[in-house]
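To start, the structure under review is shown below, and the notes come after it.
Proteins get letters first, then strands, A, B, ... in listed order; numbering begins at 1 in each.
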Protein chains: 2
Amino acid sequence: MEGGRPTRLTPDDTAVAGGRLRNAGLRATRPRQTVLALLDGWAGHHAVDDLSAALVDLGHRFPRQSVYNVLDDLVRVGLALPADTGPGRALYERAGDWHHHFVCLDCGAVMDVPCAIGDKPCLDAAVPGAEIDEAQVIFRGRCADCADRGPADA
Amino acid sequence: MEGGRPTRLTPDDTAVAGGRLRNAGLRATRPRQTVLALLDGWAGHHAVDDLSAALVDLGHRFPRQSVYNVLDDLVRVGLALPADTGPGRALYERAGDWHHHFVCLDCGAVMDVPCAIGDKPCLDAAVPGAEIDEAQVIFRGRCADCADRGPADA
DNA sequence: CTCGTTCCTTTGACTCCGTCCAATCAACCC
DNA sequence: GGGTTGATTGGACGGAGTCAAAGGAACGAG
């Protein structure tokens, strides 16, 4: 799997992240650069706590609130995406093609599902008068690993 | 809208609910009968706290945990549905036709969106080896009321 | 009807995620 | 290199959901 959790962030990484931030109209502060660089090098879906822990491992300790602030900003300008997987703690992922998510009911794994359309909104709904921005699909079931392990046990 | 919050629960209501519980393989305990009767007579999507408050108004005070337990059981046997609307507090609704949800980004209103198929899974996904039980769609945008109130203000 | 087993309910405290607020500090513009 | 604007920080708060243990109720058998 490409994009495993980065083991270090080079000055280049943060510099690139800074440019992208400024391009998006955001100030290139250290927390933002760091979080964005981390997210860019780390595929998958990550809870705020996981991101915080990863940052600590990389030598950057930020308060919880800073991570929340940064993620809110990144989502607002489209540099990060909130990964909809239903109730529970929020997950974030780096920006990319519009896609959906499959959630395993057994092990909780989350994986991307390519969207047939690739842009949003990719489905239409019969809601009179409403403006639909996006249609997010959550597939639920049992992933290949769990399906192999047994018909329906715990 | 039919099915506004019930103002009372008759002995008949709870008796009927008891029968449905036993049919589903559950013991017909008082909390279960009461919650199920309330849910059946109350269309829409309700948070656990809202249900608790409604129960108090009806003269039934149950601990939070009892409501959680009952809802878990009802969902497990298919007498209630968790209404997927993304991160945040969990919403529940009475069982019925399989459908999706539209969430207004401005006012937070949740409304049902009929599913074209009406059964699950209503969409397919390219997840090799996985068993897909359901595909839940969350539409996001601005509801008719909010769209009328202004182009894109707060 | 009564007993007994099994399952459910209840109680309280606890954990975790996310938010609010005020004060300090840094980034960008000139 | 200052000044202004905006972001970061830290502590405290609230709310949703969970865990474990003890008491109580529902159903079936006798």
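- When heavy atoms are screened at a 4.0 angstrom cut-off, R22(B) is found touching the sugar-phosphate backbone but no base atom.
- With sequence neighbours left out, H100(B) forms a side-chain hydrogen bond (donor to acceptor under 3.5 Å, both in side chains) with no residue at all.
- Hydrophobic clustering (side-chain heavy atoms under 4.5 Å, transitive across Ile, Leu, Val, Met, Phe, Trp, Tyr) groups V75(B) together with L79(B).
- End-to-end axis angle of the helix from dC1(C)-dG30(D) to dC16(C)-dG15(D), from C1' rotation axes over five pairs per end: 30° (rounded to 10 degrees).
- Between the P atom of dA7(D) and the CZ atom of F62(A) lies a distance of 16 Å, rounded to the nearest Å.
- Nucleotide dA25(D) holds its P atom 14 Å from the CD atom of Q33(B), rounded to whole Å.
- Residues in residues 57-68 of chain A take part in these salt bridge (charged side-chain N to carboxylate O under 4.0 Å, His left out) pairs, two or more places apart or across chains: R5(A)-D57(A).
- The salt bridge (charged side-chain N to carboxylate O under 4.0 Å, His left out) contacts involving residues 70-86 of chain B comprise R140(A)-D84(B), R32(B)-D73(B), D73(B)-R76(B), where partners must be two or more places apart or lie in separate chains.
- Contact between A17(A) and L36(A) at its shortest, heavy atoms only, is O-CD2, 3.7 Å.
- Mapping G88(B) and A28(B) onto DNA chain D by nearest heavy atom places G88(B) at the nucleotide closer to the 5' end.
- R89(B) comes within 4.0 angstrom of sugar-phosphate atoms only, judged by non-hydrogen atoms across all strands, and of no base.
- Projected onto DNA chain C by closest heavy-atom contact, T29(A) and G25(B) fall at different nucleotides, the more 5' of which corresponds to G25(B).
- A donor and an acceptor atom, one from each side chain of H101(B) and E93(B), are located under 3.5 Å apart.
- Following rounding to the nearest Å, L51(B) (CG) and dG17(D) (C1') show an atom-to-atom distance of 15 Å.
- Among the heavy atoms of the strands lying under 4.0 Å from D49(B) are primed sugar atoms or P, OP1, OP2 only; no base atom is included.
- Here P63(B) lies in heavy-atom contact (under 4.0 Å) with a base.
- Between G86(A) and I138(A), the closest heavy-atom pair is N-CD1, 3.6 Å.
- Here dT9(D) presents its P atom at 15 Å from OH of Y68(A), a figure rounded to the nearest Å.
- Taking the 5' to 3' direction, DNA chain C first and last meets chain A under 4.0 angstrom from a heavy atom at dC17(C) to dC28(C).
- The ring pair (Phe, Tyr, Trp, His ring centres under 6.0 Å) contacts involving residues 59-97 of chain A comprise nothing, where partners must be two or more places apart or lie in separate chains.
- For the residue pair T10(B) and D13(B), a side-chain donor N or O sits within less than 3.5 Å of a side-chain acceptor on the partner.
- Within the 4.0 angstrom heavy-atom criterion, no nucleotide atom of any strand lies near R30(B).
- Distance D72(B) CG to dT18(D) P: 7 Å, rounded to the nearest Å.
- Closest contact between the side chain of A90(B) and the listed nucleotides dG17(D), dT9(D), dT8(D) involves dG17(D).
- Using a cutoff of 4.0 Å between basic side-chain nitrogens and carboxylate oxygens, R142(B) and D106(B) are scored as salt-bridged.
- Between P31(A) and L26(B), the residue anchored nearer the 5' end of DNA chain D, judged by the nucleotide with its closest heavy atom, is P31(A).
- Counting to the nearest Å, the P atom of dA25(D) and the CZ atom of R27(B) are 13 Å from each other.
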